[in-house]
Amino acid sequence: MAQEVEELISMGKEIFLLKDSGVSEQVLEQKFGQLDDPLDAFTEELNNEELLISQYAESSLMVVKDDIQLTLNVTAALASVVAEIATGTGIYNTYSISKPISKLRNAAREIGSGNFDVEIPATKSADEIGELSAQFRKMKEDLMHKEEMQTSLSA
């Protein structure tokens, strides 16, 4: 089949060149026989190959387009999950920092107004908030001890 196509292509090229150089139809028919048959076969074969190439290119483009769309969908889904995790982590961190500080602030106000019965919230963390809470407890004990000493000296 491939050899036939090559022969048709070769014959088609020769016919086109001879036609372009002004050779008459009769001379061409004597040399090549019926002209319509090889030219039609040549043209049909070219059209078939062009159609196959076009169909292959179109199907390849569709596959690439589908792959790109899938990649975009997966990327959007992952970005959404990452954004939700980041938001949740931010809310948790904010809450875990602001709540103990708020409790310490309220306890410091009570102690500042003279109420030593308030309990300083204990934190299990070893970070700055845990250290601040421990220092508030020590300050409360020191103030209570100082208050007791002043009361005993006044009496």
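Keep in mind it's a predicted model, so treat the numbers as computed, not measured. Each residue takes its place number in the sequence, starting with 1.
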Indicate if Phe136 and Phe116 have the same hydrophobic cluster label, given that clusters are the connected sets of ILVMFWY residues with side-chain heavy-atom separations under 4.5 angstrom. yes
Starting at CD1 of Ile111, measure out to CG of Asp117 and round the result to the nearest 0.5 Å. 10.0 Å
Donor on one side chain, acceptor on other, Asn73 and Gln69, under 3.5 Å: yes
Lys140 NZ: over 12 foreign heavy atoms closer than 6.0 Å: yes
Quick one: does any side-chain atom of Ser80 pair with a main-chain N or O of Ala76 as donor and acceptor, under 3.5 Å? no
Could you measure the distance from the CG atom of Leu132 to the CZ atom of Arg105? Nearest 0.5 Å is fine. 12.5 Å
Nearest 0.5 Å, please: how far is CD in Gln135 from CG in Leu104? 11.5 Å
Interatomic spacing from CG in Asn93 to OG in Ser98 - rounded to 0.5 Å: 10.5 Å
OG1 (Thr151) and CD (Glu147) are apart, to the nearest 0.5 Å, by 5.0 Å
Listed by chain and number, what are the salt bridge (charged side-chain N to carboxylate O under 4.0 Å, His left out) partners of Lys99, not counting sequence neighbours? none
Let's go through Asp67 and Val63 carefully: what are the C-alpha distance in whole Å and the side-chain angles of both, what is the deciding distance for side chain to side chain contact (heavy atoms under 4.5 Å, CB included) to 0.1 Å, and is it a yes or a no? CA-CA 6 Å; Asp67 287 347; Val63 168; 3.9 Å; yes
Does any donor atom in the side chain of Ser113 or Arg109 lie under 3.5 Å from an acceptor atom in the other side chain? no
Do NZ/NE/NH1/NH2 and the carboxylate oxygens of Asp142 and Lys138 come within less than 4.0 Å? yes
Transitive ILVMFWY side-chain link Val118 to Ile129, under 4.5 Å: no
Would you name the heavy atoms of Ala107 and Ile120 that are closest together and state the gap between them? CB-CD1, 3.8 Å
In Å and rounded to the nearest 0.5 Å, what is the CD to CG distance from Gln150 to Leu153? 8.0 Å
